[in-house]
Each structure stands twice: as C-alpha cells, then as structure tokens.
Student: 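Submitted below is the structure of interest, expressed as structure tokens.
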2 protein chains.
Amino acid sequence: MVSETMTDRAPIRLLLADDHPIVRSGLRAVLDAEPDIEVVGEAATASEAVRLAGELAPDVVLMDLQFGSGSHGADATAQITARPDAPRVLILTTYDTDADILAAIEAGATGYLLKDASPDDLAAAVRTAAAGRSALAPAVAQRLMGRMRTPEAALSRRETEVLQLVADGMSNQQISRALFLSQATVKSHLVHVFTKLGVDNRTAAVAAARRQGLIRR
Amino acid sequence: MVSETMTDRAPIRLLLADDHPIVRSGLRAVLDAEPDIEVVGEAATASEAVRLAGELAPDVVLMDLQFGSGSHGADATAQITARPDAPRVLILTTYDTDADILAAIEAGATGYLLKDASPDDLAAAVRTAAAGRSALAPAVAQRLMGRMRTPEAALSRRETEVLQLVADGMSNQQISRALFLSQATVKSHLVHVFTKLGVDNRTAAVAAARRQGLIRR
DNA sequence: CCGGCCATCAACCGAAAGGTTGACTTCCTG
DNA sequence: CAGGAAGTCAACCTTTCGGTTGATGGCCGG
C-alpha cells in the first residue's frame, strides 16, 4: 500500500545502521518491499554510519541505539545531524526505558522507534521522518511526557554520574577519587539521589534508576 | 553455496520464534535464501512456538531467549524437547553472558547462537542442529568452558537467591524477612558471595554478577 | 563413614554508609 | 540583580554492612 502523498516521487533513500546482520537483513527485507523506499546502504558500526551518511547522502538514517561494544548511537546521531544538509535520523531501540532516549533526541534525532514495531509502523515512521516530521513510538512519547510531568525523578548530571559509578560497584571513597571530590560531596549527591528516587540505600537507588532508565543497563 | 553433505535431500523444515517482527523477517530473508532450508512458520510468543512446534513438526526451531514480557525461551524449550520426536531447538540470544544459557542447555537446546552472528554462521548452525550435532557459538562455548574451569564463580542456589534480592535493592533485614531467615544467615550468604566474586561490597557484587550473567538483567 | 559443601544462626567489632545541618561558590533565569 | 538550583565541602551522629569465629545439621560422594 503506497502512501497517497508521494505516489510518483523519487523514492526515499534510506541508510540502515545496526550491528546485527540479521536485524539489517530484516529491515532491508521489510523496507525494500515498499516501492517508495530504497535502502542505499548498511552500516555495522557507529563510525561507519557517520561515514556512509556523508558519502551516500541518504534522506533518512535508521540507527540502532545499542551499538555493540561501547560506541553510542546517540554520539553518531549528533555527528550526523551536525552538518547543514544532514539526513533525518530515526532511532531504533529495544527498550522504551532507555536512558539515552533524551540524549538521542537532544542529539537531533527526528524520531524514535521500538524494535518490536510492525513492518507497517516501520515504513510509516520512515515516511514521517523523511517528511521532516517527528515520529515517536507511543510508548516512548508517553514516557517522555511522564518524564516532564515528574521532574522530581530527574537526576542532575552530577547525581547521575555518581549513581552510575555506584551501579558499577564503587564505594564512596573510590567514587570520590575517580571524580576528584571529597567523600562528603559524594554522600551529599547520593542523599539527594535517594530523596528523589524515594529510596534509602544505594542498591535500591541503582535498582530504581535501572527500572526508570536513568542509568546504563 | 549448498552444503556438499546434503545436496539433494529434502529441505530442513525450520520454525522461527522471536517476538520482534523485524528479526523474524531478517531470519526468514537470510535462511529462506538457502536452498536446503525452508522456513515453515513464525511464532511471536513462547506459547505460540510450543504450539506450532507440535503442529508443523519442523526439524529445527530457532528460538529467541529474550521473549518479551515474562515468558522465557528456556521454558518453551523444555516443553518442546519433552516430547519423543521433538525438533532440535537452536537458541538465539543477544548476550553471551546470559544467565539462562545453562538453563536452556539443560532444557534440551541443541545449540546456541548470538544475534550478531553472520548469515553464514546462522545457516551453518541450523544445518548442524538439523544433523543432531551440538552447535555452540565460540563465545558461548568458551564461556561454558570458563564456567567449568572456575567453579568458584558458581554461586549456590541460595546465594544466587539472596544476591538477586540485593540487586533488587533490598536491605539485609528486608531479605531476611522475605526469605524467612535471620539477618546472620543473609550476611553469611553474602560474605560467601563476595569471596566467590572477588569483591568486598554488595553493589560491586551485583555489578560483577550482572556482568557474568549470574543474575537477572 | 568421614570430609566437604550447603544452609542455618549467634555474637562481636570496626568500617562504611546513611542522614542532618550548615556554609560557600557558580551559573542561570526571571 | 535577586533568587534558585547545582555543586562543593565539613562535622557530627546513627545505622547498616562487612568480616571473623564458631557452631549445628543435612546431604552427597569417595
């Protein structure tokens, strides 16, 4: 079923970026079947995505947020959208609780899609992104709204940084050394975190933050 | 490139089980392209996988371990392999550190494959499974070996149970009440856990156990 | 049948974390 | 420019946690 709004226009040039060959094949199979969409390239890493976005000049980049081993899709998004005639970036993610959702949006992503989306949703989101409109999965949009409705659950940058190190298993002393702070400051940040999350110890804070997607998984 | 060992035999009947339509499409696109493999069905849930495994009588079931919302691929594997003329079950997973690896193998899975596998790896694993031989991704096999080489990293059932509650954010007192134990016993278990994992506090233990896939993600 | 692992509990002590108050600076925003 | 949020630090106190020692009983395997 071809969209009525672009029956005879040039097809949407699409770049796929995902570290899983299987997922790339799935996206290609689903989207190449659409007559108004043409997959012009595939990237297996974040840096390759940035490079190909420049070389191939696609209309839309469909980018996985969970790139294997370190590289963040949000970073690549920022690099891609930094340029003047940049393609639209559509983020693809597994979890609607991802801590990097806001980061990706701020990095210039046009839309957000969950990996359990149907082929129809997928094609629709690509067309919406190509048209320059924002495409957000309902679950994600609701979560973003909720984030705004409850600013008390929003941790400050420093608080998140400290909590992340707690989640990595570090003691207050180790954290103070890692961040060049006194232990008093670390404790101060953590007390604020506990209050905001409604918990009273560090492991509960990590569990709560993980549930709410405030820290890395 | 057709395998030399089965040039003219009936194709391998394959059932795909994954909750992501995109992944199913990718698997179908990759595997249907192989002349000796035929995808006979797709299941989006664990229970559907069990049902179709009975109805379609496939040779191999390619099953995702991370089925959305609760249902475990390991459980479905156990149900499928319980019957006498059961198909081979090939497990597909995103993480090579998954705590359920052993559970799935014990449930009767013939092989194990990571989602970042190449199409060639994938087809080869399906053929290996169809032939009844065990197909393990190198990273997974190595990890299983490592598990056996270092039994000190294997936590006892009770220790894992306590550590899981720690990861959920509970204090020693809360855990003691939840498990009908004294706090002394909880502490005792945790000290053993710390020793086995080589850490000296609860948050570090949770981080380490999470890395090694000893507890739920 | 005995040694070892698992599971349970107690008492004790020092160290770390949790909680409060208060104070100072910087930066942003109304 | 006044106010607030964020970030930094200190001193103090209470509670929890980490670590040790030791003890009991069940179960399994050599």
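Just so we're on the same page: letters track the sequence lines, and every chain starts at 1. Computed from heavy atoms alone, side chains included, the values below leave out hydrogens, waters and symmetry copies.
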Student: To the nearest Å, give me how far apart CG (L190(B)) and P (dC6(C)) are.
Tutor: 15 Å
Student: Please identify each residue that fulfils side chain to side chain donor-acceptor pair (under 3.5 Å) with Q79(B), with sequence neighbours left out.
Tutor: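 Side chain to side chain donor-acceptor pair (under 3.5 Å) list for Q79(B), sorted by chain: empty.
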Student: Decide yes or no on salt bridge (Lys or Arg N to Asp or Glu O under 4.0 Å) for D18(B) and K115(A), but give the supporting numbers first.
Tutor: CA-CA 11 Å; D18(B) 195 303; K115(A) 276 198 180 169; over 6 Å; no
Student: H189(B) NE2 to dC6(C) C1': how many Å, rounded?
Tutor: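 Going from NE2 in H189(B) over to C1' in dC6(C) covers 8 Å.
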Student: Quick one: do D168(A) and R211(B) satisfy salt bridge (Lys or Arg N to Asp or Glu O under 4.0 Å)? Show the steps, please.
Tutor: CA-CA 10 Å; D168(A) 291 341; R211(B) 272 195 300 273; over 6 Å; no
Student: Where along residues 172-185 of chain B does a heavy atom come under 4.0 Å from DNA chain C, residue by residue in number order?
Tutor: L181(B), S182(B), A184(B), T185(B)
Student: With the side chain counted from C-beta on, respond yes when V40(B) and L14(B) share a heavy-atom pair under 4.5 Å apart, and no when they do not.
Tutor: no
Student: Could you give the NE2-to-C1' distance, from H192(A) to dG19(C), as a whole number of Å?
Tutor: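 So the two atoms are 11 Å apart, to the nearest Å.
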Student: Are the charged groups of E161(B) and R157(B) less than 4.0 angstrom apart, N to O?
Tutor: no
Student: Would D19(A) and R24(A) count as a salt bridge (Lys or Arg N to Asp or Glu O under 4.0 Å) here? Give the steps.
Tutor: CA-CA 8 Å; D19(A) 56 338; R24(A) 289 201 304 274; over 6 Å; no
Student: Applying salt bridge (Lys or Arg N to Asp or Glu O under 4.0 Å) to D36(A) and R127(A), what does each step give before you reach the verdict?
Tutor: CA-CA 9 Å; D36(A) 58 335; R127(A) 292 192 189 98; 2.5 Å; yes
Student: How long is the line joining CD of E159(B) and P of dG18(D), in whole Å?
Tutor: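 That distance rounds to 15 Å.
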Student: Reading nucleotides 19-28 of chain D 5' to 3', which nucleotides get B (base under 4.0 Å from a protein heavy atom), which S (sugar-phosphate only), which -?
Tutor: B---------
Student: Less than 4.0 angstrom between a side-chain N/O of R157(A) and OP1 or OP2 of dA6(D), yes or no?
Tutor: no
Student: Would one find a side-chain N or O of S156(A) under 4.0 angstrom from OP1 or OP2 of dA5(D)?
Tutor: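 No, no such contact exists.
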Student: Of the listed nucleotides (dC17(D), dA17(C), dT8(D)), which one gets closest to any side-chain atom of S171(A)?
Tutor: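 Looking only at side-chain atoms, S171(A) lies closest to dA17(C).
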Student: Is the shortest heavy-atom distance from the side chain of D64(A) to the side chain of V23(A) under 4.5 Å?
Tutor: no
Student: Hey, which of L113(A), L62(A), T77(A) is the one that makes side-chain contact (heavy atoms from CB on, under 4.5 Å) with I91(A)?
Tutor: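 Per the side-chain contact (heavy atoms from CB on, under 4.5 Å) rule, the option paired with I91(A) is T77(A), out of L113(A), L62(A), T77(A).
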Student: Whole-Å distance between dT8(C) C1' and E161(B) CD?
Tutor: 14 Å
